[in-house]
There are 4 protein chains.
Amino acid sequence: MSRRLTARGRRRRKELLDFAAHRFATNGFHPTSVTEIVDGVGVGKGVFYWYFESKDELFRQILIDAQRDLRRQQRQAIEDEPDPLRRIEAGVRMAVHWLDANRHLFALLELARTEERFAPLVRQGEEQAVADALPHIQAGMDAGLIRRADPLVVAHGIVGVTNTLTRVLVLDQGQTADTAADAAIAFCFEGIMSPASARARLGRAG
Amino acid sequence: MSRRLTARGRRRRKELLDFAAHRFATNGFHPTSVTEIVDGVGVGKGVFYWYFESKDELFRQILIDAQRDLRRQQRQAIEDEPDPLRRIEAGVRMAVHWLDANRHLFALLELARTEERFAPLVRQGEEQAVADALPHIQAGMDAGLIRRADPLVVAHGIVGVTNTLTRVLVLDQGQTADTAADAAIAFCFEGIMSPASARARLGRAG
Amino acid sequence: MSRRLTARGRRRRKELLDFAAHRFATNGFHPTSVTEIVDGVGVGKGVFYWYFESKDELFRQILIDAQRDLRRQQRQAIEDEPDPLRRIEAGVRMAVHWLDANRHLFALLELARTEERFAPLVRQGEEQAVADALPHIQAGMDAGLIRRADPLVVAHGIVGVTNTLTRVLVLDQGQTADTAADAAIAFCFEGIMSPASARARLGRAG
Amino acid sequence: MSRRLTARGRRRRKELLDFAAHRFATNGFHPTSVTEIVDGVGVGKGVFYWYFESKDELFRQILIDAQRDLRRQQRQAIEDEPDPLRRIEAGVRMAVHWLDANRHLFALLELARTEERFAPLVRQGEEQAVADALPHIQAGMDAGLIRRADPLVVAHGIVGVTNTLTRVLVLDQGQTADTAADAAIAFCFEGIMSPASARARLGRAG
DNA sequence: AATGAATGAGCATTCATTCAT
DNA sequence: TATGAATGAATGCTCATTCAT
């Protein structure tokens with residue numbers, strides 16, 4: 001594919017991508033038919049296959065675009081922060097906001113992870129995100145701000161808390177992105193123990 | 001469809017449930033056809049519809065059974081622990097072990113969450129799990145072991161970290177369930193900050 | 001495929017094969033749709049795929065059956081003839097009659113030869129037919145009844161004349177199979193030269 | 001569609017005809033799409049429909065051109081031969097050479113004959129070829145060089161042997177056109193019987 | 001003359017479900 | 001209980017053809 005497109009062509013393609021993304025998120029990938037998509041956009045069936053090689057390829061394109069957009073925004077959000085912990089905080093905050101604003105894409109990424117055909121793409125994006133976070137975590141450890149631990153575990157833990165709390169607090173319970181971000185950051189930074197019991201545990205662990 | 005079944009009938013039904021669960025996890029729900037399932041088990045199509053009203057209902061049954069099993073095992077793991085933090089730890093540890101041993105059901109639960117038709121079932125199971133955890137978290141707070149915070153946030157945070165780290169460390173990277181459980185518990189209990197910076201942050205926060 | 005079929009199933013399958021063979025012969029393979037076939041037989045679309053793996057496979061089956069039938073009849077026609085030339089004559093005669101009686105299959109074999117996907121099947125059948133004829137040609141040569149020449153060329157020449165004259169005389173011009181068979185046999189046996197000029201040519205050739 | 005074309009236009013048209021002829025011969029008429037053709041030639045779709053009314057018309061044009069070319073060459077090959085048998089021999093020889101050199105067109109003519117839509121064109125060309133041969137056959141009979149028989153049968157017999165042996169010996173077995181021509185001429189002229197048995201048969205037949 | 005974009009009927013095939021036996 | 005056979009709507013995709021530019 002990768003046709004050379006006119007401005008009009010690029011607009012059509014975008015229209016199809018957006019419409020499909022919303023339908024996939026609402027209805028699921030399999031239950032959403034190509035017919036449904038082209039009818040929704042108001043074009044003939046051939047148009048779909050003019051812009052995309054297949055329904056699968058369209059989905060892949062949506063996933064790639066989504067991950068690229070999130071990454072770009074996270075980078076921008078982070079770039080001016082000098083402090084490692086603040087950089088992590090900014091990244092988490094931006095993730096929550098992005099997932100809130102693009103909840104259909106959030107749903108799609110989770111969906112894609114469950115289909116062997118698309119999972120590698122999601123995993124790859126996630127590895128990228130973790131790789132992006134790693135230097136800051138490392139810097140935090142070097143500066144004595146972050147506990148010594150496997151930076152990969154730290155990164156994945158942060159991602160897990162962020163995604164889960166966004167889903168529950170923002171999407172299910174309707175709280176604001178900022179509230180959810182605060183909660184996620186607090187959980188990630190301090191854990192659940194009280195300072196007293198933490199000290200006790202630390203003492204035990206060495 | 002709550003037929004009264006003979007022992008042989010119950011075995012047949014179980015066979016179908018198990019085979020379908022594995023196929024769904026490997027291939028996806030939609031791409032796995034009823035024909036594929038009955039062929040795999042070696043029976044005719046009528047048998048399927050004797051035991052299950054529909055393919056959807058079969059999937060629902062798998063989900064219900066899985067959640068019931070996990071819950072039962074978690075309860076057993078917890079019941080002898082007197083200390084709230086230890087109860088939480090035991091719960092997390094059991095979850096990681098169960099998700100490791102039943103990774104196809106893990107995949108299925110994630111899959112079901114992405115399909116509006118099945119998502120309520122998963123959400124309901126999760127709410128149940130959170131409700132089960134809440135008293136212990138509350139007890140931990142009352143005993144001064146756990147930081148004061150919204151217990152719901154705490155519960156969901158724990159679940160998020162547990163699921164994510166199990167997926168990444170155990171399923172993707174092949175580490176043992178115990179290693180992953182240790183990592184999850186450490187992350188949840190202590191967070192990522194070093195004691196020093198935690199003290200600083202606490203001071204700031206009030 | 002090669003399902004185990006009940007008597008009813010075998011009848012259905014035959015119905016589909018016959019109907020499709022006639023449609024393919026009249027309309028062509030590509031222009032005849034599966035829908036057309038199942039509608040013509042008066043069954044649902046699934047029935048087609050219950051009995052055949054694909055439209056291609058159905059066509060292949062038709063070709064195989066046709067070639068098997070022709071071969072069987074030729075064998076029977078020949079078996080009581082003691083004289084090699086008479087055996088060849090009987091074979092040609094039977095071929096003309098069969099092609100007349102099964103003109104739709106005649107058309108199909110020619111059609112199949114033009115599609116790379118099916119051509120090997122036709123070529124194989126033809127090689128079989130030639131191989132079947134070879135011993136009689138050889139016997140004729142050994143008995144001094146047939147000119148010494150490459151038996152393969154002889155066999156293919158006979159097949160070519162037989163097919164062509166059947167098509168032109170019987171199918172296009174409406175003459176009887178017997179008339180066409182006489183013409184084919186005369187052409188093959190004696191060629192087109194007059195005895196006088198043949199003698200002259202023979203003298204020349206040595 | 002008999003547009004007046006510039007020199008460049010004529011070249012483009014020829015390019016499309018040639019490319020299509022080869023694709024049709026390799027892939028079949030139906031399986032070859034217009035898109036495939038225009039992509040192969042490196043032009044847009046509009047160009048195709050500028051030069052040809054439809055895909056069918058393009059195919060018809062290829063067939064007409066092919067038959068015209070073969071006929072012209074056969075005429076030239078024959079014109080200097082005074083002897084009727086030599087004229088027939090020259091015609092057969094040229095046919096074998098032409099079919100060898102233009103095997104894709106050979107395939108196309110056979111293909112076209114199997115599709116009711118195009119068959120009349122092929123039949124017409126063949127009737128033309130037969131009509132062209134008839135006077136020479138008649139002259140041969142009048143001169144006592146050719147056995148008295150229906151000249152039409154003689155003509156079609158020759159065509160059948162020529163086509164078949166060319167296909168088998170040249171295309172399938174890779175022999176030279178001249179070898180095949182020799183074989184075809186020998187078969188047509190003398191038939192398969194030995195002189196002795198021919199005499200016996202002649203005596204019998206009258 | 002030429003292009004990229006669009007059309008939409010049509011195609012082979014699948015599949016959840018039903019039913020007669 | 002169980003089976004083989006049947007249903008037919010629906011699916012992803014193709015393709016000859018048309019059209020605005």
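Reminder, nothing fancy here: chain letters follow the sequence lines and each chain counts from 1.
C:Y49 places its OH atom 18 Å from the P atom of F:dA10, with the value rounded to the nearest Å. Protein atom CD1 of A:I37 is 8 Å distant from nucleotide atom P of F:dG12, rounded to whole Å. B:L58 places its CG atom 14 Å from the C1' atom of E:dT17, with the value rounded to the nearest Å. Nucleotide F:dA16 holds its C1' atom 12 Å from the CZ atom of D:R117, rounded to whole Å. With rounding to whole Å, A:E15 atom CD is found 14 Å from E:dA5 atom P. Atom C1' of nucleotide F:dA9 and atom CD of A:E36 are separated by 15 Å, given to the nearest angstrom. What separates CD of D:E57 from C1' of F:dA16 is a distance of 14 Å, to the nearest Å. Distance CG (B:D39) to C1' (F:dA5): 14 Å, rounded to an integer number of Å.
Remark: C:T32, C:S33, C:V34 in residues 21-34 of chain C come within less than 4.0 Å of DNA chain E through at least one heavy atom. DNA chain E is contacted by C:K45, C:G46 of residues 40-47 of chain C, taking any non-hydrogen atom closer than 4.0 Å.
Of the listed nucleotides (F:dC13, E:dT17, F:dA2), F:dA2 has the atom at the smallest distance from the side chain of B:R12.
Looking at which nucleotide of DNA chain F each of B:R8 and D:K55 is closest to, the 5′-most match is held by B:R8. The nearest heavy atom of DNA chain E to A:G9 and to B:F48 marks one nucleotide each, and the one closer to the 5' end goes with A:G9.
Listed by chain and number, the residues in a salt bridge (Lys or Arg N to Asp or Glu O under 4.0 Å) with C:R103 are C:D100 (sequence neighbours excluded). In terms of the side-chain contact (heavy atoms from CB on, under 4.5 Å) criterion, residue partners of D:L17 (sequence neighbours excluded) are, by chain and number, D:R13, D:F52, D:L58, D:Q61, D:I62, D:D65. Looking at residues two or more places apart in sequence or on another chain, you find a salt bridge (Lys or Arg N to Asp or Glu O under 4.0 Å) between D:E116 and D:R123. The salt bridge (Lys or Arg N to Asp or Glu O under 4.0 Å) search around C:E115 returns C:R117, not counting sequence neighbours. Residues passing the side-chain contact (heavy atoms from CB on, under 4.5 Å) test with C:T26, sequence neighbours excluded: none. Residues forming a side-chain hydrogen bond (donor to acceptor under 3.5 Å, both in side chains) with A:E127 (at least two apart in sequence, or on another chain): none. Looking at residues two or more places apart in sequence or on another chain, you find a salt bridge (Lys or Arg N to Asp or Glu O under 4.0 Å) between C:R72 and C:D69. Listed by chain and residue number, A:R12 satisfy the side-chain hydrogen bond (donor to acceptor under 3.5 Å, both in side chains) test with A:E15 (two or more places apart in sequence, or in another chain).
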Can I get a per-line list of side-chain donor-acceptor pairs under 3.5 Å for residues 32-41 of chain C, giving both atom names and the distance, sequence neighbours left out?
from	atom 1	to	atom 2	distance (Å)
C:T32	OG1	C:R23	O	3.4
C:T32	OG1	C:G28	O	2.7
C:S33	OG	C:E36	N	3.1
C:T35	OG1	C:K45	NZ	3.3
C:E36	OE1	C:S33	N	3.4
C:E36	OE2	C:R23	NE	3.2
C:E36	OE2	C:R23	NH2	2.9
C:E36	OE2	C:N27	ND2	3.4

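Here D:Y51 reaches the OP1 or OP2 of E:dA2: one of its side-chain N or O atoms lies under 4.0 Å away. For F:dA5, one of the phosphate oxygens OP1 or OP2 lies less than 4.0 angstrom from a side-chain nitrogen or oxygen of C:T6. The phosphate of F:dA2 has neither OP1 nor OP2 within less than 4.0 Å of any side-chain N or O from B:W50.
Judged by the 6.0 Å and 45° rule, D:K55 forms a cation-pi pair with D:F29.
B:F106 has its side chain within reach of B:L171: a pair of non-hydrogen atoms, C-beta onward, lies under 4.5 Å apart. D:L16 is listed as a side-chain neighbour of D:V47, based on a closest heavy-atom distance under 4.5 Å.
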Report task. Whenever both distances are under 3.5 Å in a Watson-Crick or G-U wobble pair, mark it; put DNA chain F into dot-bracket that way, with [ ] for crossing pairs and | when the partner is on another strand. Result -> .||||||||||||||||||||
